[in-house]
2 protein chains.
Amino acid sequence: MHFSKTSEYAIRVLSYLHRHPTQPYSVAFLHEELNLPYKYLTKLMTQLHKKGLLNSIRGRDGGFTLALDADKIFLCDILEAIGEALESNRCILGFEKCDSSNPCALHNQWLKPKALLEDMLKNTSLASLHSTESIKF
Amino acid sequence: MHFSKTSEYAIRVLSYLHRHPTQPYSVAFLHEELNLPYKYLTKLMTQLHKKGLLNSIRGRDGGFTLALDADKIFLCDILEAIGEALESNRCILGFEKCDSSNPCALHNQWLKPKALLEDMLKNTSLASLHSTESIKF
DNA sequence: ATTTAATACTACCTTATGGTAGTATTAAAT
DNA sequence: ATTTAATACTACCATAAGGTAGTATTAAAT
């Protein structure tokens, strides 16, 4: 029960771009600043650009900037962009058909935690993230 | 953000054993009954036995039974037995040090969903699981 | 004693995720 | 025009999770 590395990286880097909106940042810089693996981050940024979350500027002095206002990018959008879309209806025990009329053994216990998780992912925007930068590594 | 297949399997099979406490069940039978991969289930059952959740009866007419009362086996115990112990303090963005005095960007938003998840895992026993068996496959 | 049906063990295969290497392409600066 | 520094692309490598195959061991039934 955890987030993938890729989603950790995506949230961290998008959050950084929001808090430092002045100019495009290169992957090399973000790699140094956020201590994320360089080549992997390159692929991730390209993907986020293809999905419309980032502007990409190629060539010398290029880099990436946010393509949308930070209050319009929600955590669920980020997860969707990296192919980990929230599957609200997926049964926690893996059953194809599982709902209130035909529930799995864990269905009822899972309802509340799931609702709060969904709420967090759907209603937390980049703009509403905590903004200290004291944490490194 | 999901449970592993292994944990799905473990919860399903332990739940089944609780609801059918009469006799030891062989892996071959449970494989048929729950539609879980036979060899993989064998490994899982052996592991659950080693971790003390199951009694194992070897030889002909052998099989597995619950080693503890169903109201003393909690979801977190099952996850721990399969090496996926709940890491309450793990930062959701992957930072080594992350707490209220030095929070990551998602720290506060994560508090409530995490608390409910933990509550579910720590306080849901096999005995308190929903007991219909209408779901198959 | 032999057969049979079960767990236990060892080794391997498959797939997805995370990560690396090298090169092509782009565009500013000189 | 050439150099430089950036993104984009393609291919590969490493690790872990999920899954399979074959065999050894155990113990009841005959």
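Per chain, numbering begins at 1; letters A, B, ... match sequence-line order.
- No more than 12 heavy-atom neighbours from other residues, nucleotides or ligands sit within 6.0 angstrom of CD on B:Glu87.
- Checked for salt-bridge contact, A:Glu8 and B:Arg90 meet the test: a charged N lies under 4.0 Å from a carboxylate O.
- A donor-acceptor contact under 3.5 Å is not formed by the side chain of B:Arg60 with the base of D:dT26.
- Taking 4.0 angstrom as the limit, B:Thr46 places a side-chain polar atom (N or O) nearer than this to OP1 or OP2 of C:dA8.
- Here the side chain of A:Asp77 pairs a donor or acceptor atom with the backbone of A:Phe74 at under 3.5 angstrom.
- Comparing C:dA6, D:dT7, C:dA8 against the side chain of A:Val27 picks out D:dT7 as the nearest.
- For A:Asp61, taking side-chain heavy atoms from C-beta onward, the closest of the listed nucleotides C:dA28, C:dA8, D:dA8 is C:dA28.
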What is the per-nucleotide protein-contact pattern of nucleotides 14-22 of chain C, from the 5' end, where B denotes a base atom under 4.0 Å from a protein heavy atom, S denotes such proximity for sugar-phosphate atoms only, and - denotes neither?
----BBBBB
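- A donor-acceptor contact under 3.5 Å is formed by the side chain of B:Arg58 with the base of C:dT7.
- With a 6.0 Å radius and a threshold of 12 heavy atoms from other residues, nucleotides or ligands, A:Glu80 has its CD atom at or below the threshold.
- For the pair B:Tyr9/B:Leu14, no side-chain contact is recorded, criterion being any heavy-atom separation below 4.5 Å from C-beta on.
- In this structure, A:Lys51 does not pair ionically with A:Glu84, as no charged nitrogen and carboxylate oxygen lie closer than 4.0 Å.
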